[in-house]
Undergrad: 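Right, I'll just put the structure down here and ask away after.
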Amino acid sequence: MTAARPFNFSAGPATLPEPVLRQVAAEMLDWGGSGMSVMEMSHRGKEFISIAEAAERDLRDLLAVPANYRILFMQGGGLGENAIVPLNLSRGGKVDVVVTGSWSRKSAAEARRYADVQVAAEGNGREIPRDWQLRSDASYVHVCTNETIDGVEFHDLPHLDNGVPLVIDCSSHLLSRPIDWSRVGLAFGGAQKNIGPAGLTLVFVRDDLLGRALDICPTAFNYETVAAAQSMYNTPPTFAIYVAGLVFQWVKQFAYAGKQGLAAIEQRNIDKAALLYAALDASGFYENRVQPSCRSRMNVPFFLKDERLNEPFLTEAKAAGLLQLKGHKTVGGMRASIYNAMPLEGVQALVTFMQDFEARHG
Ligand SMILES: *Cc1c(COP(=O)(O)O)cnc(C)c1O
């Protein structure tokens with residue numbers, strides 16, 4: 001037996017399910033009797049096509065993605081999509097962005113290079129702003145449904161009743177909960193938060209939104225081209241797709257609290273977040289500043305009221321087997337990212353450590 005691994009609270013690239021890592025290791029030199037590592041296979045060979053098809057099928061099942069949405073395996077990350085979405089959907093016209101934190105602010109700035117961007121509402125990174133000024137002739141409305149840095153999450157998707165498509169950047173909570181597709185035109189997310197290795201970007205696009213790309217859109221980033229080629233117009237990130245496929249199988253088999261699959265994962269995420277926020281709220285030593293109704297289940301920024309204790313906190317946490325808790329540089333303090341692969345025991349260990357640290361330094 002190998003020793004237990006430490007708990008890894010990185011915001012991304014982030015912790016992966018240990019059984020998946022073990023399977024990847026076991027299959028590294030010879031996948032399925034093929035004599036090849038997945039890294040060494042042609043993306044057009046029957047072995048890899050079977051891997052990619054299973055991954056797409058499992059993801060479609062898990063998220064109940066309707067038949068009129070295409071699932072694309074792309075590259076370029078969330079930041080790439082900040083350009084690729086307006087190149088495909090804006091028609092050079094109007095784009096409304098709701099700014100709820102750092103990531104949506106970046107999305108607005110990038111889209112401005114290609115479209116007439118209006119910030120429809122702007123929050124302070126602690127709550128979702130009200131009173132959105134939406135234009136009925138916008139090509140789409142962009143929101144970031146989980147602000148990874150600020151720790152602000154939409155627990156209900158906005159319902160746009162004027163027919164303007166909603167685009168969601170769901171990078172950091174994709175596959176942590178179901179998605180209400182009736183409200184979404186396009187969703188995108190990088191894999192490295194909740195799904196697999198960096199390098200794979202997932203795009204879900206309703207098929208009526210294909211075929212609108214600007215002339216200047218790179219062909220490899222044109223959703224219509226990528227969809228027509230089953231995500232194989234150019235070489236996709238094959239190894240990342242393979243690992244993501246194993247994660248999808250892991251989620252499908254996941255059981256918790258009498259539930260199975262995505263419902264079980266969501267319930268555990270709810271329980272983990274509740275445990276951590278309850279500990280923060282019960283303490284005068286730590287604090288989380290996000291309005292409770294929109295606190296993220298995935299990314300929990302928190303502060304020690306005495307900032308001089310930040311360095312000792314991180315050093316002692318690491319010694320206790322709790323890794324990568326340092327907050328984002330623009331926010332400071334701490335951040336615990338508690339993605340799907342973080343067990344409940346990891347959050348329990350963090351809470352126990354925090355209480356112990358407070359008892360010694362408070
Ligand atoms: C991480 C993240 C991104 C950026 O992803 P890259 O893969 O680094 O381009 C964009 N949006 C959100 C919400 C993220 O969490």
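When a residue number appears, it is its place in the shown sequence, counting from 1. On a predicted model such as this, the values are computed, not experimentally measured, just so you know. Atoms within a ligand are numbered from 1 in the order they appear, just like the ligands themselves.
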Undergrad: Which protein N or O atoms sit under 3.5 Å from any N or O of ligand 1? Give each pair with its distance.
TA:
| from | atom 1 | to | atom 2 | distance (Å) |
| --- | --- | --- | --- | --- |
| ligand 1 | 5 (O) | Gly78 | N | 3.4 |
| ligand 1 | 7 (O) | Gly78 | N | 3.4 |
| ligand 1 | 7 (O) | Gln192 | NE2 | 2.8 |
| ligand 1 | 9 (O) | Gly78 | N | 3.1 |
| ligand 1 | 9 (O) | Leu79 | N | 2.8 |
| ligand 1 | 11 (N) | Asp169 | OD2 | 2.7 |
| ligand 1 | 15 (O) | Thr148 | OG1 | 2.4 |
| ligand 1 | 15 (O) | Lys193 | NZ | 2.6 |

Undergrad: Consider side-chain hydrogen bond (donor to acceptor under 3.5 Å, both in side chains). Of Thr148, Thr145, Asn146, which one does His173 pass it with?
TA: Thr145

Undergrad: Looking only at non-hydrogen atoms, find the nearest pair between Ser176 and Asn269 and report the distance.
TA: O-ND2, 3.2 Å

Undergrad: Should we say atom NZ of Lys106 is surrounded by more than 12 heavy atoms from elsewhere, each under 6.0 Å from it?
TA: no

Undergrad: Hey, is CZ on Arg113 packed in by over 12 heavy atoms from elsewhere, all under 6.0 Å?
TA: no

Undergrad: Would you call Asp116 and Arg135 a salt bridge, taking side-chain N to carboxylate O under 4.0 Å as the test?
TA: yes

Undergrad: With a 4.0 Å cut-off, would you call Arg360 and Asp356 a salt bridge?
TA: yes

